[in-house]
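For reference, the structure discussed in these notes is given below.
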Amino acid sequence: MNKYRSHKCNELRHKDVGNKVLLAGWINKKRDHGNLLFIDLRDNYGVTQCIIDKENKNFSILEKIQLETVIRIEGNVIDRSNDTINKDLDTGEIEVVIESFDILGNCKELPLPVFSDQEYAEEIRLKYRFLDLRRKKLHENIILRSKVISFIRNEMIKMGFLEFQTPILTSSSPEGARDFLVPSRLNPGKFYALPQAPQQFKQLVMVSGFDKYFQIAPCFRDEDARADRSPGEFYQLDLEMSFVEQEDIFDIVEKLLVKTFKNFSSKKLMFEKFPRISYANSMMKYGTDKPDLRNPLIIQDVTEIFLREDVKFDIFKKLINSGSKVRCIITKNTKNKPRSFFDNIDKWAKDQGASGLAYFTFEKEQEISAKGPVGKFFSSEALKEIMKKTNAENGDSIFLACSKEEELKKITSLAREKIARDLDLIDENLFAFCWIVDYPMFELDDKTKKIVFSHNPFSMPQGNINEINFNKPLDIIAYQYDIVCNGIELSSGAIRNHIPELMYKLFSIAGYDKKIVDKKFTGMINALSYGAPPHGGIAPGIDRLIMLLANEKNIREVTMFPMNQNAQDLMMNAPSYINEDQLKDLGLFLKVKK
RNA sequence: GGGGGUGUAGCUCAGUUGGUUAGAGCGAUCGCCUGUCACGCGAUAGGUCGAGGGUUCGAGUCCCUUCACUCCCGCCA
């Protein structure tokens, strides 16, 4: 028999009454009645109430013992009387009368209570992560994470994918995020980079003839953190397949995600066949390429109407003449909303850095009229035209924003979310997946006005290769796609460009000549020249996927040992200074003073 | 790099218009209590009010600087 325990803390039932048992775990909670002491003993699996009275020689020691001390108890299982059964506990029908006990691990005074639902300062939680992880919510999130990953792994294997590991020390690439760099001792002055994703390796796996690859892959990007973005490192379900078209990938991923979300959440899926929305369409209707489809509001362009003679909205007219556009959001049946509802949204828009949101409500007595601060600028005819164009009805309201394209997308996209939240239009019990497809191959860099890859430089352009007009690079559409769920970007993927000549051509448009491509992407370009299969893939973000399943707003809540916003591990004290010998070994010296 | 929020006891927080000795709950310590499951009751200890500077007769409170944590923008193919 195991020397520490005969049962786990969730196991004992009425049938065990009369047996002598060994239990080991943490002291979750004590209730001291002076001559009678209750101890809730907790382990990974559950809680068992243990009891001791002052007749026992151990009573006074146990009475004084700190919470979270690890003990082993030996005792007898007894029934609880009917009125003391605890239905909230798996083991609530019994309790264990303590005969003897040992302390297995002492505990100092706690910096944060483990038994509590209270929230705590992030700093303390991260420094004492091992205590935080004992707490119910976080403990369960991490267990969920483990189960989801096992499930995904099984499903992938069932679908014929092979799991491979790819290097962690690799080479820096010029595209994408900032790299984490590792100095090479054997090659002084040279650096490895940690992979931002196993992108090139997984394509090389395809060229190597393995057909279907996946990996729960760590990815490293040295960029600033957000609530849904860990600083430094995160995990992707990286996958790649040979001899496939876009729809083959969609089919696999839809199956996997539908199964996973049905298995691990009670929330409903809005679509089991995810809608395909083109990038251009998404930008128009939602102002973003990660739309939350639970939100019924859409953005519409009404620029033309503001050019009419019978619309006297001079500020907008002026802006339109200097290149701005007008977009609107219609809200259904909001005529009875108080003035404060509209003004709050206008004020909110100003706080976001926009010039505000104009608004009015369509009303009808004899004629259609507009109620609201800017209503007077519109003739009845013009209002009818707006209603026709936007499908607005009597009693609906309209929010209007006017500015240059980029700014306009940003504010209308945010306003769409803000207004829907204020009107409580978003069903929190839904998952709304969609595919965003047809991304442009290139885009114009705002600052430099140069043409850059808009997503992945290895994506395949759409259409017949011989008919692509390289003189209009901004019009080239790629087989590039994202999965979005509830407004969160879950993954990004593409059918890859496996034709070297085409690759050189596309890189040259982005300003990389053949020599640079040969040098920076040696392995890839070389491999594509020796018989590369057409292939494509995608990489759903594991952490975000689990955030959605665990219903968490912050990625730290589903990460076992996260770093803080400044990319520091407060528990392990990373990053840290290294000693002179280590620097010397690497051929480095520091310019920055410690 | 920029903007917002927070910082008061071990933990979670309150602290009014600048005014006596900075409070509460949980936790800790001590005492009472044999059926609790957020046990109850009583007492005690515990404070560089994030740090530094300034205004003032007087600063937790007002001003300036700075630090930490956090959210957002930039950034994230």
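Here the structure is a predicted model, which is why all the values come from computation and not from measurement. Numbers restart at 1 for each chain; the letters A, B, ... are given by sequence-line order, proteins then strands.
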Inter-nucleotide P distance (B:rC63, B:rA22), Å rounded:
24 Å

Taking the side chain of A:R221 as heavy atoms from C-beta outward, which of B:rU36, B:rC76, B:rA38 is closest to it?
B:rC76

What contact category does A:P457 fall into here, base, sugar-phosphate, or nothing, at under 4.0 angstrom with non-hydrogen atoms?
base

Here's a test for you: under ring-ring contact (aromatic ring centres under 6.0 Å, His included), which of A:Y439, A:F442, A:F458 qualifies with A:F453?
A:F442

Pair up each side-chain donor or acceptor in residues 169-177 of chain A with any protein partner under 3.5 Å, not counting sequence neighbours, and list the distances.
residue	atom	partner	partner atom	Å
A:S172	OG	A:D179	OD2	2.6
A:E175	OE2	A:Y512	OH	2.6

Which base, if any, makes a Watson-Crick or G-U wobble pair with B:rG27, both distances under 3.5 Å?
none

If I pick the C1' atom on B:rC49 and the same atom on B:rA68, what distance separates them, to the nearest angstrom?
16 Å

Electrostatic pair A:D292-A:R294, nearest N-O below 4.0 angstrom:
yes

Return yes if the base of B:rC76 and the side-chain atoms of A:R229 contain a donor-acceptor N/O pair under 3.5 Å, otherwise no.
yes

Listed partners of A:Y286 passing ring-ring contact (aromatic ring centres under 6.0 Å, His included), at least two apart:
none

A:K87 NZ to B:rU36 C1', in whole Å, measures 16 Å

Under 3.5 Å, is there a donor-acceptor pair between the side chain of A:R80 and the main chain of A:G92?
yes

Can you tell me how far C1' of B:rG4 sits from CH2 of A:W348, to the nearest Å?
15 Å

Report which part of the nucleic acid A:E123 touches: base, sugar-phosphate, or nothing (heavy-atom distance under 4.0 Å, all strands).
sugar-phosphate

Do the side chain of A:E95 and the base of B:rG35 come within less than 3.5 angstrom through a donor-acceptor pair of N or O atoms?
yes

Using only heavy-atom distances, decide whether a donor-acceptor pair under 3.5 angstrom links the side-chain of A:R31 to the base of B:rC33.
no

Every protein N/O within reach of nucleotides 70-72 of chain B N/O, cut-off under 3.5 Å:
residue	atom	partner	partner atom	Å
B:rU70	OP1	A:Q565	N	3.2
B:rU70	OP2	A:Q565	N	3.1
B:rU70	O3'	A:R556	NH2	3.4
B:rC71	OP1	A:N554	ND2	2.4
B:rC71	OP1	A:R556	NH2	3.0
B:rC72	OP2	A:A227	N	3.0

CG of A:L37 versus C1' of B:rC37: gap in Å, rounded?
12 Å

Just how far, in rounded Å, is C1' of B:rU8 from CD1 of A:I124?
14 Å

What is the pairing partner of B:rG7, taking Watson-Crick or G-U wobble pairs with both distances under 3.5 Å in any strand?
B:rC67

Stacking between B:rC33 and A:H33, yes or no? Criterion: centroid separation under 5.5 angstrom, plane angle under 30 degrees.
no

Rounding to an integer number of angstrom, what distance separates B:rA14 and B:rU8 when you compare their P atoms?
10 Å

Indicate, with a heavy-atom threshold strictly under 4.0 Å, whether A:S454 touches base, sugar-phosphate, or nothing.
sugar-phosphate

For the side chain of A:E223, starting at C-beta, report the closest nucleotide among B:rU36, B:rG74, B:rC75.
B:rC75

Mind checking the C1' distance from B:rA38 to B:rU12? Whole angstroms is fine.
14 Å

Which part of the nucleic acid does A:Q199 contact within heavy-atom distance under 4.0 Å: base, sugar-phosphate only, or nothing?
base

Quick check for you: to the nearest 0.5 Å, what is the distance between A:K30 atom NZ and A:T69 atom OG1?
7.5 Å

Pairs of donor and acceptor atoms involving the side chains of residues 501-511 of chain A, under 3.5 Å and at least two apart or interchain, shall be tabulated with distances.
residue	atom	partner	partner atom	Å
A:Y504	OH	A:D518	OD1	2.5
A:S508	OG	A:K505	O	2.6

Contact pattern, 5' to 3', of nucleotides 24-30 of chain B - B, S or - by protein heavy atom under 4.0 Å
---SS-S

Let me spell it out: for each of A:N86 and A:S492, pick the nucleotide of RNA chain B with the closest heavy atom. Which residue's pick is nearer the 5' end?
A:N86

Base, sugar-phosphate or nothing for A:K553? Non-hydrogen atoms, less than 4.0 Å.
nothing

Taking donor-acceptor contacts at under 3.5 Å, does the side chain of A:D224 reach the base of B:rG74?
yes

To the nearest Å, how far apart are A:F115 CZ and B:rU12 P?
17 Å

Can you tell me, in whole Å, how much space there is between the P of B:rG60 and that of B:rG23?
13 Å

P spacing across the pair B:rU17 / B:rU55, given as an integer number of angstrom:
25 Å

For A:N141, which of A:E557, A:R556, A:E552 qualifies under side chain to side chain donor-acceptor pair (under 3.5 Å)?
A:E552

By the 4.0 Å heavy-atom rule, please label A:F38 as base, sugar-phosphate, or nothing.
base

Rounding to a whole Å, what distance do you find between A:E175:CD and B:rC75:P?
15 Å

Where do A:R42 and A:F115 land on the side chain to side chain contact (heavy atoms under 4.5 Å, CB included) test, with the steps shown first?
CA-CA 10 Å; A:R42 183 198 74 238; A:F115 174 74; 6.0 Å; no

Hits for side chain to side chain contact (heavy atoms under 4.5 Å, CB included) against A:K519, two or more places apart or cross-chain, chain-then-number order -> none

With C1' as the reference atom in both, quote the distance from B:rC71 to B:rG46 in angstrom, rounded to an integer.
33 Å

Between B:rC73 atom C1' and A:E407 atom CD, what is the distance in whole Å?
13 Å

For a side chain to side chain donor-acceptor pair (under 3.5 Å) with A:E99, tell me which candidate from A:N58, A:N56, A:N76 qualifies.
A:N76

Any Lys/Arg nitrogen of A:E119 or A:K137 sitting under 4.0 Å from an Asp/Glu carboxylate oxygen of the other?
no

Please measure how far the P atom in B:rC41 lies from the corresponding atom in B:rU36, and state the result in whole Å.
14 Å

For B:rG40, the nucleotide meeting Watson-Crick or G-U wobble distances (both under 3.5 Å) is B:rC32

